[in-house]
Undergrad: 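If you scroll down you'll find the structure; I have some questions about it.
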Number of protein chains: 2
Amino acid sequence: MPTYKEIRNVLLDRIKSGEWRPGNLLPPEAELAEEFGSTRVTVNRAMQSLADDGFVERRRKAGTRVVQRTERDALIRIRIVRDEIEQSGRRYNYLLISRGRERPPQRIQAELGASGDLEALHIVCLHFADGRPFQLENRWINLDVVPQAGSESFETISPNEWLLQKVPYSNAEHTFRAATADSEEKEHLDLGPNEPVFVIERTTWLDGRTVTHVMLSHPADDFRIVTRD
Amino acid sequence: MPTYKEIRNVLLDRIKSGEWRPGNLLPPEAELAEEFGSTRVTVNRAMQSLADDGFVERRRKAGTRVVQRTERDALIRIRIVRDEIEQSGRRYNYLLISRGRERPPQRIQAELGASGDLEALHIVCLHFADGRPFQLENRWINLDVVPQAGSESFETISPNEWLLQKVPYSNAEHTFRAATADSEEKEHLDLGPNEPVFVIERTTWLDGRTVTHVMLSHPADDFRIVTRD
DNA sequence: GAGTGGTCTAGACCACTCG
DNA sequence: GAGTGGTCTAGACCACTCA
């Protein structure tokens, strides 16, 4: 009596081995249930899990087909800067550079989904690994959504960690790009002229309202992102 | 009679709203089943789906807890270069620069999981968007795993697309980084001195054997990666 | 209309692991 | 030992959608 996971694995092997090619129709659940000597519910569980992972597409009446992959999903795990540094065995330090209420520039205002003349909390700070600048953080926090941020100094805890404690389950969108360091990045990251930086931008929402927008710049020779699996 | 998806949504709302904070124990399945007027199996389905998505952790006897998020998963969809360019409304062109059997350099040999003096197929080619260089592809193909590649000229089809047709269900690992363009990148991507590039490296396996390793370089001002959801 | 997947219930047994 | 989740079966009804 196979479990749904065992069934899933058998089916996945048939897909990976090419026995069932992209576009092919899989046998209906009832038929597979008979083959495996189990119930249709169990086969259904197995096939749903394959569909969740994007290997097959299912439509009522039309049946289950192997997906033609023209795309590839890559999962990235983004950690708190401090953990990232400490887990690589390096010493972490944090430095607040500036903090104040300001009216964000046009581009940031758009990211914050702002209505007219919103003021936001603007924080610039640095994260060090073994004493060397690792990441420059340039952040805007929407005080309408997280008013408590207005009374936090961020002198000992980075906004990164603070926000995660206050707003644990927000959604986020990330952008990754390469650029030549601008003057602020050069100064704080201790870079020479024409040196490249790796930049992550993240916008975070809760309930459709923008919580924060942040730009994280790294010296290119000390930073890379690797996918998992 | 709520469906498991409806139950899932209610539970997720309680987590997102902070009613159940990270670390909190959720009620046992039997109790929730009573609350929702459904069976334990249905509640189980809902909670498993929350566990799949990383919102809760479940252990027998210990129960189900809201996960403390110190990390954030971001999903990236990597498309075939051609699709990426065409879907942005630009014209795609492809140019093969070189192709030959070679012994890969040390670093690539390690990536290919190579045993001693393996020869691999080395291909360099360019992808254009609206006539401008968009991506330089520098690829090594393991001929032990994909011998058919040895008799493909790659003059009209890029290795990218060819491999996807031949080896649809491999696994991959990606690395993203920023760098200053090297001489080859400067020449083919038409870049000035000291210009940054965004580099994607990908290694692909089938059944634990390395299929291919590729380095994809982009002019930084024309490329970024955005996560989905 | 008929074939396919989507889901539920009721009852059951098992597997793990905490205290 | 006992509480919790993991999973199966048997039967059922429904929802979609293709021909």
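Letters A, B, ... are given to chains in the order of the sequence lines, protein chains preceding strands, and every chain is numbered from 1. No experiment lies behind these values; they were computed from the predicted model shown.
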Undergrad: Measure from CZ on A:R58 to P on D:dA15 and round the result to the nearest Å.
TA: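 Atom CZ in A:R58 sits about 18 Å away from atom P in D:dA15.
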Undergrad: For the side chain of B:R40 and the base of D:dG6, is some donor closer than 3.5 Å to an acceptor across the two?
TA: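 Donor-acceptor pair under 3.5 Å: yes.
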Undergrad: Using the closest heavy atom to pick a nucleotide of DNA chain D for each, name whichever of A:P2 or A:A62 lands nearer the 5' end.
TA: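 The residue mapped nearer the 5' terminus is A:P2.
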Undergrad: Between D:dG5, C:dG5, C:dC8, which nucleotide has the shortest distance from any of its atoms to the side chain of A:T64?
TA: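 Looking only at side-chain atoms, A:T64 lies closest to C:dG5.
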Undergrad: Give a yes or no on whether B:Q87 atom CD has more than 12 heavy-atom contacts from other residues, nucleotides or ligands under 6.0 Å away.
TA: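 It does: B:Q87 CD has more than 12 such atoms within range.
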Undergrad: Can a donor-acceptor pair be found, under 3.5 Å and without considering hydrogens, that links the side chain of A:E57 to the backbone of A:R65?
TA: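 Not confirmed, A:E57 side chain does not pair with A:R65 backbone.
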Undergrad: Whole angstroms only, please: what is the CD1-C1' distance between A:I7 and D:dC8?
TA: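 Rounding to the nearest Å, CD1 of A:I7 and C1' of D:dC8 are 10 Å apart.
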Undergrad: Which nucleotide in the set C:dT7, D:dG3, D:dC8 lies at the smallest distance from any side-chain heavy atom of A:T42?
TA: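 The nucleotide sitting nearest to the side chain is D:dC8.
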Undergrad: The side chain of B:Y4 is closest to which nucleotide in this list: D:dC18, D:dG5, C:dC8?
TA: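 So the side chain of B:Y4 is nearest to C:dC8.
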Undergrad: Looking only at side-chain atoms of A:Q48, point me to the closest of C:dG6, D:dG5, D:dC18.
TA: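 Between C:dG6, D:dG5, D:dC18, the one nearest the side chain of A:Q48 would be C:dG6.
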Undergrad: Does a nitrogen or oxygen in the side chain of B:N44 sit under 4.0 Å from OP1 or OP2 of D:dG6?
TA: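 Yes, within the criterion.
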Undergrad: Determine whether a donor-acceptor pair (N or O, by modelled atom type, separation under 3.5 Å) exists between the side chain of A:N142 and the backbone of A:T212.
TA: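 It does not hold such a pair.
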Undergrad: Side chain of A:T3, heavy atoms from C-beta onward: which of C:dT9, D:dT7, D:dG5 has the nearest atom to it?
TA: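 Looking only at heavy atoms from C-beta outward on A:T3, the closest nucleotide is D:dT7.
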Undergrad: Return the nearest nucleotide to the side chain of B:E29; candidates are C:dG5, D:dG11, D:dG5.
TA: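 Looking only at heavy atoms from C-beta outward on B:E29, the closest nucleotide is D:dG5.
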Undergrad: Checking the side chain of B:R99 only, and the main-chain atoms of B:E155 only, is there a donor and an acceptor separated by less than 3.5 Å?
TA: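 No, because the side chain of B:R99 does not come within donor-acceptor range (under 3.5 Å) of the backbone of B:E155.
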Undergrad: Quick check with a 6.0 Å cut-off and a 45 degree axis cone: is B:R21 positioned over the face of A:Y169's six-membered ring?
TA: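 The answer is no; the distance or angle limit is not met.
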Undergrad: Paired with C:dA2 by Watson-Crick or G-U wobble geometry, both distances under 3.5 Å: which nucleotide is it?
TA: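 Matched C:dA2 with D:dT17 under the 3.5 Å cut-off.
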Undergrad: Looking at A:K61, does any N or O in its side chain come under 4.0 Å of the phosphate oxygens OP1/OP2 on C:dG1?
TA: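 For C:dG1, neither OP1 nor OP2 has a side-chain N or O of A:K61 closer than 4.0 Å.
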Undergrad: Does D:dT9 pair with anything, Watson-Crick or G-U wobble, both distances under 3.5 Å, and if so, with which nucleotide?
TA: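 Checking every strand shown, D:dT9 finds its partner in C:dA10, with both distances under 3.5 Å.
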